[in-house]
Amino acid sequence: MSRVLSGIQPTGDLHLGNLLGAVRNWVEDQHTDDSFYCVVDLHALTVPKGPGELAAASLELAQCLIASGLDPEVCTLFVQSHVPQHAELGWIMQCVCGFGQLERMTQFKDKSERRDFVSAALFTYPALQAADILLYDADRVPVGEDQRQHIELTRDLAERFNHRYGDTFTVPEASIPRAGARVMDLQNPTDKMSKSADSPAGTVLLTDPPDAVIKKFKRAVTDSDGVVAFDVANKPGVTNLLSILGAATGRDPEALAGEYTQYGPLKADTGEAVVALLEPLQMRLAELRQDPAETSRLLRVGADKAGAVAESTMERVRAAVGFLPR
Ligand code: TRP
């Protein structure tokens, strides 16, 4: 069985792009791979938060992930700060990583530009991400295209460490879904759907009530030529609707294009399909919210499983780098 690890930051509500682009694949992988999914609260801390905000966001994200189908009895779902080996290996990875390598990270450039306070940890963030992955000897890391550079860095650090200190880490592969699986912003269909979009009307949250979902699809930006066709380059809005409808119903988006001659019915059907997709998820989420102690219990089970693997890796790492046994 191959080992899979991925991480997601607790920085706000999950949206349809997270669900269809990432979380749905995780839900599938949990049945075929030995999978670890981590709520990366240490990473979220790289950007300042108000008191209480981080804990609430971590709990909410864990509940959304479980409601989306991650089964803590099947996969290992845990919170990063519950396994202190992440911070420990993160430090060691900072020592293996070149300053110049971090300077080349495009996500740092993007994230630091728009802020007046840039933490040192925002800069070293990719070294901690490498630690997340290498602690579990992950073979495969399912992520979006935007994380490709971080996974390349992780591979590089694993190889450098193995070369310097002897074979210690598995060198992981990125596993990136094909472009068509990307969900785009409904108002701005050439941009990825994102929680930080200019207009909330372009982003469908997993917690949006049915009428809000229907309205967002009804108002989705298309184009003015009135032809329903699957064509990413020339018809990004219509293509996005077809992709979402296809993903929500398990049908081929190009075949769906042939069934519509007008935008109105396509928007209405896509809205309905997404409402149907979200309905069971929202019911499960409401149950979980009633009983936060149960979520805490599930996360403790995950932390115990993850912690055992992480500690056995750290025993190898500490010996390899030459920490004096206590
Ligand atoms: N940096 C990732 C993101 O912004 C989140 C992340 C942290 C991650 N650690 C990880 C993803 C380990 C995959 C594996 O989406």
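Counting convention: from 1, in listed order, for ligands and their atoms alike. None of these values were measured; they are calculated from a predicted model.
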What salt bridge (charged side-chain N to carboxylate O under 4.0 Å, His left out) pairs are there with at least one residue in residues 117-138, not counting sequence neighbours? Asp137-Arg316
Under 3.5 Å, is there a donor-acceptor pair linking the side chains of Arg140 and Ser2? no
For the pair Phe108 and Phe123, name the ring-plane relationship: parallel under 30°, tilted 30 to 60°, perpendicular over 60°. perpendicular
Could you check whether the rings of Phe78 and Phe36 sit parallel, tilted or perpendicular, using 30° and 60° as the cut-offs? perpendicular
May I have all residue pairs that pass ring pair (Phe, Tyr, Trp, His ring centres under 6.0 Å) and include part of residues 257-292, sequence neighbours excluded? none
Phe117: which residues meet the ring-ring contact (aromatic ring centres under 6.0 Å, His included) condition with it, sequence neighbours left out? none
Identify all pairs of nitrogen or oxygen atoms, one from ligand 1 and one from the protein, separated by less than 3.5 Å, and list them with distances.
from, atom 1, to, atom 2, distance (Å)
ligand 1, 1 (N), Tyr125, OH, 2.7
ligand 1, 1 (N), Gln129, OE1, 2.9
ligand 1, 1 (N), Gln147, OE1, 3.0
ligand 1, 4 (O), Tyr125, OH, 3.2
ligand 1, 4 (O), Gln147, NE2, 3.3
ligand 1, 9 (N), Asp132, OD2, 2.7

